[in-house]
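Here's the structure, in structure tokens; my notes come after.
Only heavy atoms go into these numbers, but all of them, side chains included; no hydrogens, no water, no symmetry mates.
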Amino acid sequence: MKKNLFYLFALICSMSLFTACSDDDDAPDYSKVIESEIAGNYKGSLIVTVEGTTMPSEPQKIKIEKASPSAINLSLADFSFMGIAIGDVELKNCALSQNGDTYTFTGTQELKVDALSCTINAKGTVTNGAVKVDMDIDATVGGLKQSVKVVYEGTRLTGSESSEAKIKTFSFDMFNEANAIVIEQPVINDDNTITFRVDEAAVEADANVLKTLVPTFIVSDKATASVESGKAMNLSQDVSITVTAEDGTIAEYIVKAPTKNSLMKFTFDEWGELQSNFGSYPAPSPTDLLATSNVGAAMLHSFGQLTDWPALEEAQGVVGSAIKLVTLDTRETAAALMGAGITSGSLFTGRFVFGDGASTIEYTKFGVLYSEKPLYFKGFYKYTSGHPFIETQKNDNGFPQYEFLETDAVDECGIQAVLYKVDSETETLDGTNIDSEDERIVARARLEDGTAKADWTAFNLEFKWKDGVTYDATKTYKLAIVCSSSKDGANFNGAANSTLIVDELEIIGE
């Protein structure tokens with residue numbers, strides 16, 4: 001019943017709480033006092049009590065204006081309490097009486113709304129730049145009487161106060177053991193929500209770890225926050241932080257409890273052998289999601305023209321094993337007849353279908369079904385550029401059909417993830433269009449710096465959406481992760497022995 005009355009009280013306020021205050025035709029002239037000492041904006045707090053139960057105070061601004069030489073108007077713009085937005089509330093033409101430095105005003109209102117009827121008695125004082133308004137409400141709801149008391153206290157502003165109410169930074173000190181489960185620092189979003197990621201396995205083992213996290217944050221200069229920085233915060237649920245500017249302007253931020261992210265993660269710790277028409281080849285698990293250029297290389301192995309593989313298990317990964325991708329010189333093999341002067345080491349989500357396409361770069365069927373909105377593509381990599389750089393050119397003058405030129409170009413690796421729409425589960429992108437502006441592609445997360453990295457290097461790439469395109473849960477999407485030891489390997493351009501090692505590839509989604 002008490003909670004219901006709060007909403008009923010909110011309804012009263014939204015219907016213009018006070019339409020008139022006491023008035024006196026013979027009242028004295030307080031014009032100079034009103035204009036110099038009373039009129040202005042006030043910053044303060046609002047406290048609501050129902051049947052003896054007092055709710056936490058809510059910051060609130062009010063405005064006092066001159067209504068006549070002996071009266072004032074008092075208004076509460078965007079009045080709210082308990083997180084309920086009410087609207088503007090006004091006390092109009094309130095006659096003043098003086099007692100020393102204190103000026104007093106009163107008002108009364110009778111209201112009846114559906115099953116609610118009430119009498120509202122308000123009285124207020126203004127003393128040396130401080131205002132206090134007491135509102136006593138005797139309400140009857142469905143025959144049951146309830147008592148509500150509202151108190152506002154505030155001080156007059158000079159006009160020079162800052163109106164900025166922002167959380168400027170929000171983070172977790174990773175040297176604090178209480179924050180050990182945080183794996184990605186918070187992001188302050190445009191909608192004033194604050195989101196972050198935690199070790200989901202740790203939370204599943206002990207959900208109480210979310211109740212003792214200790215964030216630190218900085219608010220605008222001269223602003224205050226309803227929650228203290230550097231204190232434990234129960235983030236097993238959303239937490240609201242109200243920031244109040246120096247002039248009373250209010251902004252609410254919501255620290256969102258971390259939710260389980262939909263993940264696509266590949267660790268490369270498990271490997272096996274798969275069979276092709278040309279024999280077996282090494283393959284990382286899960287084999288229903290991942291493919292490599294080893295399928296094509298199996299043909300050259302069966303001919304005895306190749307002894308190495310372009311995709312191999314690397315024993316020393318960031319955690320466990322990794323995958324090593326190597327660009328092979330295939331100018332002296334049967335692959336050269338199809339224009340493949342090099343065979344780049346490639347890893348991708350999807351399938352390699354030998355012989356399915358008019359050209360060899362169509363054999364790669366990039367992408368697997370993905371039903372979430374991807375946010376980030378992250379992982380670790382090392383890269384070494386090889387030599388010589390081999391460019392494949394088509395010879396229009398006859399046989400041989402292709403020529404292979406050695407240049408001093410410096411090879412780079414390619415790492416990216418691509419989200420695209422499909423009309424059917426069998427539809428895919430391939431080597432002819434994965435790097436294009438194909439209209440089906442809606443978002444891409446790509447490593448821009450593909451140069452050499454001697455040590456393990458972490459990347460966390462945000463998905464960039466095409467202009468005007470947003471995620472649509474009613475559509476069908478495929479997600480292609482594509483890693484290559486030669487960035488232009490799809491066109492058979494790259495440096496022999498260029499080596500890319502990747503590990504712990506992960507898609508973060510929602």
E427 and its salt bridge (Lys or Arg N to Asp or Glu O under 4.0 Å) partner, picked from K478, K365, R440: R440
Would you call L429 and I441 a side-chain contact if the rule is heavy atoms closer than 4.5 Å? yes
Please step through side chain to side chain donor-acceptor pair (under 3.5 Å) for the pair S344 and S346, ending with a clear verdict. CA-CA 6 Å; S344 62; S346 63; 5.1 Å; no
Below 4.5 Å, heavy atoms only, C-beta onward: do C483 and L325 meet side chain to side chain? yes
To the nearest 0.5 Å, how far apart are OG in S75 and CD1 in I62? 8.0 Å
Quiz: residues 309-321 side-chain donor-acceptor pairs under 3.5 angstrom, not counting sequence neighbours:
| unit_1 | atom_1 | unit_2 | atom_2 | d |
| --- | --- | --- | --- | --- |
| E313 | OE2 | S321 | OG | 2.8 |

CZ (F377) and CG (L419) are apart, to the nearest 0.5 Å, by 13.0 Å
In this structure, CG of L157 is separated from OG1 of T155 (nearest 0.5 Å) by 6.0 Å
Any side-chain heavy-atom pair from T349 and Y370 closer than 4.5 angstrom? no
Please evaluate residues S163 and T249 with respect to the criterion side chain to side chain donor-acceptor pair (under 3.5 Å), reporting the C-alpha separation (whole Å), side-chain torsions for both, the decisive distance (0.1 Å), and the verdict. CA-CA 6 Å; S163 62; T249 299; 5.1 Å; no
In this structure, are over 12 heavy atoms from other groups packed under 6.0 Å from R156 atom CZ? yes
Go through the steps to decide whether D438 and S436 satisfy the test side chain to side chain donor-acceptor pair (under 3.5 Å), and finish with yes or no. CA-CA 5 Å; D438 190 290; S436 71; 4.7 Å; no
Please report the closest heavy-atom contact between I342 and F492, naming both atoms and the distance. O-CD2, 3.4 Å
For T216 and S229, the nearest pair of non-hydrogen atoms, with its separation, is CA-OG, 3.2 Å
Side chain proximity check, Q416 to R444, heavy atoms < 4.5 angstrom: yes
State, to 0.1 Å, how close A251 and N192 come at their nearest heavy-atom pair, and which atoms those are. CB-ND2, 4.4 Å
Side-chain contact, heavy-atom cut-off 4.5 Å: T364 with F352? yes
In chain order, what residues pass the ring pair (Phe, Tyr, Trp, His ring centres under 6.0 Å) check against Y253, with sequence neighbours excluded? none
For K256, does the NZ atom sit with more than 12 other heavy atoms under 6.0 Å from it, leaving out its own atoms? no
Just by distance, do the side chain of K464 and the backbone of R446 share a donor-acceptor pair under 3.5 Å? no
I'd like to know whether D408 forms a side-chain contact (heavy atoms from CB on, under 4.5 Å) with H387, so could you lay out the CA-CA distance, the side-chain angles of the two residues, the decisive distance to 0.1 Å, and finally the verdict. CA-CA 8 Å; D408 292 327; H387 187 80; 4.2 Å; yes
Salt bridge (Lys or Arg N to Asp or Glu O under 4.0 Å) filter on K168, not counting sequence neighbours, yields E164
Got a second to check how far I501's CD1 is from Y381's OH, nearest 0.5 Å? 12.5 Å
Donor-acceptor pairs under 3.5 angstrom involving side-chain atoms of residues 281-289: please list them, not counting sequence neighbours.
none

Sequence neighbours left out, what pairs pass ring-ring contact (aromatic ring centres under 6.0 Å, His included) with at least one residue falling in residues 197-222? F170-F217
Does L500 reach the side chain of I415, with side-chain heavy atoms less than 4.5 Å apart? yes
How far apart are the closest heavy atoms of F366 and G431, and which atoms are they? CE1-N, 3.6 Å
Worked verdict on V295 versus F278 for side-chain contact (heavy atoms from CB on, under 4.5 Å): CA-CA 9 Å; V295 184; F278 301 99; over 6 Å; no
Scan for ring-ring contact (aromatic ring centres under 6.0 Å, His included) pairs involving residues 464-490, sequence neighbours excluded, and state none if there are none. Y471-Y477
Can you name the residues that form a salt bridge (Lys or Arg N to Asp or Glu O under 4.0 Å) with E406, not counting sequence neighbours? R331
Enclosure of E425 CD (heavy-atom neighbours >12, cutoff 6.0 Å): no
Given the rule in the side chain to side chain donor-acceptor pair (under 3.5 Å) test, do N189 and T195 qualify, once you have shown the distances and angles that lead to the verdict? CA-CA 8 Å; N189 303 297; T195 53; 3.3 Å; yes
For S486, is there any backbone N or O sitting under 3.5 Å from a side-chain donor or acceptor partner on S484? yes
Decide yes or no for T292 and I323: does some side-chain heavy atom of the first lie under 4.5 Å from some side-chain heavy atom of the second? yes
With sequence neighbours left out, what residues match E506 under salt bridge (Lys or Arg N to Asp or Glu O under 4.0 Å)? R197
Around K466, counting heavy atoms of other residues, nucleotides and ligands shown, do more than 12 lie under 6.0 Å from its NZ? yes
Got a sec: does the CG of N208 have more than 12 other heavy atoms crowding it under 6.0 Å? yes
Look only at the side chain of D503 and the backbone of F380, and say whether a donor-acceptor pair between them is shorter than 3.5 Å. no
Does S276 use its side chain to pair, donor to acceptor, with the backbone of G279 at less than 3.5 Å? yes
Do F172 and V198 have side chains that get closer than 4.5 Å, going by heavy atoms? no
Partners passing side-chain hydrogen bond (donor to acceptor under 3.5 Å, both in side chains) against D199 (at least two apart in sequence or in another chain): none
Between the CD1 atom in I194 and the CD1 atom in I188, the distance rounded to the nearest 0.5 Å is 5.0 Å
I'd like to know whether K487 forms a salt bridge (charged side-chain N to carboxylate O under 4.0 Å, His left out) with D435, so could you lay out the CA-CA distance, the side-chain angles of the two residues, the decisive distance to 0.1 Å, and finally the verdict. CA-CA 10 Å; K487 183 170 64 175; D435 287 314; over 6 Å; no
Does atom CG (D423) have a neighbourhood of more than 12 heavy atoms from anything else shown, all under 6.0 Å? no
Show me, pair by pair, the donor-acceptor contacts under 3.5 angstrom made by side chains of residues 452-463, not counting sequence neighbours?
| unit_1 | atom_1 | unit_2 | atom_2 | d |
| --- | --- | --- | --- | --- |
| K453 | NZ | D449 | OD2 | 2.9 |
| K453 | NZ | T451 | OG1 | 3.1 |
| T457 | OG1 | D455 | O | 3.0 |

Going by the rule ring pair (Phe, Tyr, Trp, His ring centres under 6.0 Å), which residues pair with F266 if we only count those two or more places apart in sequence or in a different chain? none
Results of salt bridge (Lys or Arg N to Asp or Glu O under 4.0 Å) for K421 - residues two or more places apart only: none
Counting N and O atoms only, with roles assigned by atom type, does the side chain of T499 sit under 3.5 Å from a partner on the main chain of N497, one being a donor and the other an acceptor? yes
Just verifying a value: how many Å separate F348 CZ and S293 OG, rounded to the nearest 0.5 Å? 8.0 Å
Mark yes or no for whether S485, through its side chain, and T327, through its backbone, hold a donor-acceptor pair below 3.5 Å. yes
State, to 0.1 Å, how close I434 and A480 come at their nearest heavy-atom pair, and which atoms those are. CD1-CB, 4.1 Å
Is it the case that over 12 heavy atoms from other parts of the model lie below 6.0 angstrom from the CD atom of Q237? yes
